[in-house]
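The next block holds one structure in the form of C-alpha cells; read it before the comments.
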Amino acid sequence: MALHIVLALSLVETLVLAGVLLHWAKAVPGARLLTVFLLGVAAWIVSNELPNWLGPTAIPCALRLGATIPLTSAAFLHFCVRFCGLEPRVGRAVQLAYGAAIAVMLLTWIVLPGEFIHFPPFTGVEWVVVPNWAGWTASMVWALLAAAGVAILLHRLWRTDDARERRQLAAVAVSCGWGLVCASGYGFAALGIPWYPWQVLAMPAYPVILVYGILRYQVFVANAWARRALAWTLLVGLGLLSVPLTLLLPLDSRWLSGTAVAVVCLALNGPVRRFAERIVYPGGTASAADLQGWRDALAKTVTWSALEAEAAELLSKRVGLRIDVRVATDGDPVSAMPMLVCRESSSGWATELRGWDSAPPGSRRLAELFAEVLTETAGRLQQAALAEQRERERQLQARLAELGALAASVAHDLRNPLNIIAMAVATTPPDVRREVGDQVGRISHLAEDLLDYAKPWQVRPVTVDAALQVREAARRAPEVEIGSGLAHALPLQADPLRFAQAIGNLLSNARAAPGVRRVLVDAERDGAQVHLHVCDDGAGVPADLRERLFEPFASRSPAGTGLGLAIVARIMAAHGGSVRLNERPPWNTCFTLSFPAATP
C-alpha cells in the first residue's frame, strides 16, 4: 500500500510541476522539453500502476504506455543539449536520438515489451512488470540516452567558470542521480532479486528536486516556495523535538503540553525563518565595502551595453539568481527574469525593480542598494558622454574654422589664375577649350564645396512638400524615376534650400556613379519621420569606402570632389535627422534621408 501511495503522490507532483515549469518556460532554456520529460515520467508511473488500478484487462495498454520511456529519455537529452547551449553543434545527434527512441517504441508496440506478474517481495503490490528482450532493448536505449544527457550536464559543469551556472548544473545532475536511484527499485523484480523496492519510496522528492534545481537560479518564486517549505520543516522538527521536554512540566496535561510546544514554535519562528532565508537566498546583506566594490566595477564601463552587462553579472552573482538589467532603454522592456530598469525621467535618473515581488526583504533591500549605485553610475556615464560629445563638437568647430579660413584663402587665390587660364585658351581649338573649361569648372566647384562645407551655417526648418521638391530637382534628369511614395504631397520639416541641396547632391552622386542606367527617388512615412530613398543600379559602393563614405574627400566617383556626401551628412545632422547607406534590393546603392515629419 505504501508503494501505491508514494507513486500516486509522485504522479500528482509531476503533473503539477510540469504545469509550473511550463508557466515559467520563458525563463529557462529548454523548459518545454523538460515539461515533456515530466509528462513522460507521469506516463511511466501510470504504466506501472494501471493494472493495479483497473485489473489485468489494462495490461496491454500499460505495456504500450510504458514503451514510450525511450522517447521520454530522448526529450531529456534534448533538454540537456539546449540547456547547455550545445544545440547548434550537436543538433544532428539529437535527431538521431529521437529516431532511435521512436524506432524502439514502435518495436515494443508491435512486440509487447514484457508481462505483469505477482512478485511477493513487493509487499502490497499485486502486479509488477517484468521485461522481455524487447523490454530490455527499450530499457537499454532509455539508459543510454539518459546517460548521454547527464554526461552533457557534467561536461558543461566541468567547463564553465560561472559559479551560478555551476550550482544550477550540479543541482540538475544530483536530481538526475536521485531519479535513477528511485527507478532502480523496479529492477529488483526484473532481475528476480527478492528485495522490497525501498528506493521507490523516495520518488516524490525527485520531480521536486529536478524542477527546483532548474528554477532555483532563474525565478524568485521557486526560492520563495523553498524558503517556506524549509522553514515549516524546521519548525515541525523542532516542535517534535520539544515534545519530550513537556515531560518536565509539573502537571500532566495535554493542553499544557500542547501550549508548551506551540510557545516553543512561536519563539523559534523568527530565527528559523531567517535561517531558512539565508540558506535559500545567500548574500542578502550589503556592506560599505560591497557598495564601493560595485561603484568601482561599474565605473569602468564606458557604454550603456557594457554597463548593463556588468551590472547584471554583479547582481546575479551576488543573489545567486539570473537578473536582467536594462539601462537607457526605450519602450517598456519585458523579461521572464527579475529586472532592474534604469532610465532617465524628468526628475533625473531612477532605477525600478520588476519581478521582485516574491523576493524576501533581505534580497529586495540588496537590490535596492544596488539600484542606487546603478543610478549614480548611469548619471555619471551620461555626464561623461555629454562632456565627450561637447569636446568632439568643439574640436569639430575648431577644425571647421581652420578649414574655412584655409578654404577662403585658397578660393581667393585660385580665382585669378583660373580666369587667366580661361582667357589664355580662348583662341585654342574647341576641344581644348572644352577640356580646359571642364577642369576649370571642376576646380571652381571644389572650391565652392569646400567653402560651403567649412563655413558655419544654420538651417531654418519650415513645412516643405518633399514630393514637389524632388520632382523639381529631378526635372532636368530624365533617367531619374519618381516612386509611388512621392505621388502625393509629403510634408516634412526642413530648410528648403538645404533640402534641395541634399537631394541635388545625392542625385548628382547617383548619376555620376560608374555603370548607372537608372536612378530612383522614393519615400515612405514611418511614424514621426519621413524617409527619402535615392537609389541607383550602378556598380555599388566599394567595401573599403563604406566606413568613411560621409567623411570629406571620400568619393565613389573618379570625377567627384568628395564633399557632396559630407555636406549631405552636415545638412541632415543640422535637421536632427540622418543619412545612411541602405540595402533596398534590387538596387545596388541606396541612400536614405530621414527627416522629421511635419505635424498635420
Side-chain angles (χ1 to χ4, degrees), residues 24 26-27 162-165 167-168 215-224 226-227 270 273-390:
W24 291 103
K26 292 182 179 180
D162 187 343
R164 181 192 56 78
E165 186 180 15
R167 291 193 294 267
Q168 187 175 30
L215 298 182
R216 163 67 178 89
Y217 302 100
Q218 302 287 352
V219 293
F220 269 119
V221 68
N223 294 354
R227 178 177 62 89
R273 291 185 180 277
R274 286 192 293 272
F275 175 74
E277 181 177 312
R278 289 183 179 181
I279 292 178
V280 178
Y281 296 97
T285 58
S287 63
D290 293 326
L291 296 176
Q292 188 59 44
W294 291 339
R295 289 190 180 95
D296 294 341
L298 296 180
K300 297 177 181 178
T301 58
V302 295
T303 63
W304 297 122
S305 58
L307 179 60
E308 287 181 350
E310 183 65 21
E313 178 67 20
L314 288 173
L315 189 56
S316 299
K317 185 180 296 185
R318 185 57 186 268
V319 302
L321 193 74
R322 186 175 297 172
I323 307 298
D324 192 5
V325 177
R326 306 289 179 87
V327 181
T329 56
D330 297 327
D332 189 21
V334 178
S335 175
M337 297 178 287
M339 296 179 64
L340 264 64
V341 181
C342 181
R343 63 179 63 183
E344 188 181 17
S345 63
S346 57
S347 58
W349 284 88
T351 301
E352 176 188 0
L353 273 64
R354 297 187 183 182
W356 292 76
D357 298 337
S358 300
S363 296
R364 186 175 180 86
R365 177 56 181 164
L366 182 75
E368 290 172 349
L369 292 173
F370 188 88
E372 293 177 5
V373 176
L374 180 62
T375 302
E376 296 173 6
T377 307
R380 286 198 299 270
L381 183 59
Q382 183 190 43
Q383 293 300 321
L386 292 175
E388 184 179 357
Q389 181 181 0
R390 286 193 295 268

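Judged by distance alone, the side chain of Thr375 and the main-chain N or O of Ala350 form no donor-acceptor pair under 3.5 Å.
Ala384 meets the side-chain contact (heavy atoms from CB on, under 4.5 Å) test with no other residue; sequence neighbours excluded. Contacts of Glu310 classified as side-chain contact (heavy atoms from CB on, under 4.5 Å), with partners at least two apart in sequence or in another chain: Ala297, Leu298, Thr301, Leu314. By the side chain to side chain donor-acceptor pair (under 3.5 Å) test, Trp304 pairs with no residue at all, sequence neighbours left out. Under the salt bridge (charged side-chain N to carboxylate O under 4.0 Å, His left out) criterion, Glu368 pairs with Arg364, Arg365, sequence neighbours left out.
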Give the intermediate values and the outcome of side chain to side chain contact (heavy atoms under 4.5 Å, CB included) for residues Leu307 and Val325.
-> CA-CA 9 Å; Leu307 179 60; Val325 177; over 6 Å; no
Carefully, step by step, assess Leu353 and Leu340 under the rule side chain to side chain contact (heavy atoms under 4.5 Å, CB included).
-> CA-CA 5 Å; Leu353 273 64; Leu340 264 64; 4.3 Å; yes
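Separating the CG atom in Asp290 from the CG atom in Leu369 is a distance of 9.5 Å, to the nearest 0.5 Å.
Among all heavy-atom pairs drawn from Ser316 and Ile323, the shortest one is OG-N, 2.9 Å. The shortest heavy-atom contact between Trp349 and Cys342 is CE3-SG, 3.7 Å.
Legend: salt bridge (Lys or Arg N to Asp or Glu O under 4.0 Å) pairs involving residues 337-346, not counting sequence neighbours: none detected. Among pairs with a residue in residues 373-389, those fulfilling salt bridge (Lys or Arg N to Asp or Glu O under 4.0 Å) read Arg295-Glu376, Glu388-Arg392, at least two apart in sequence or across chains.
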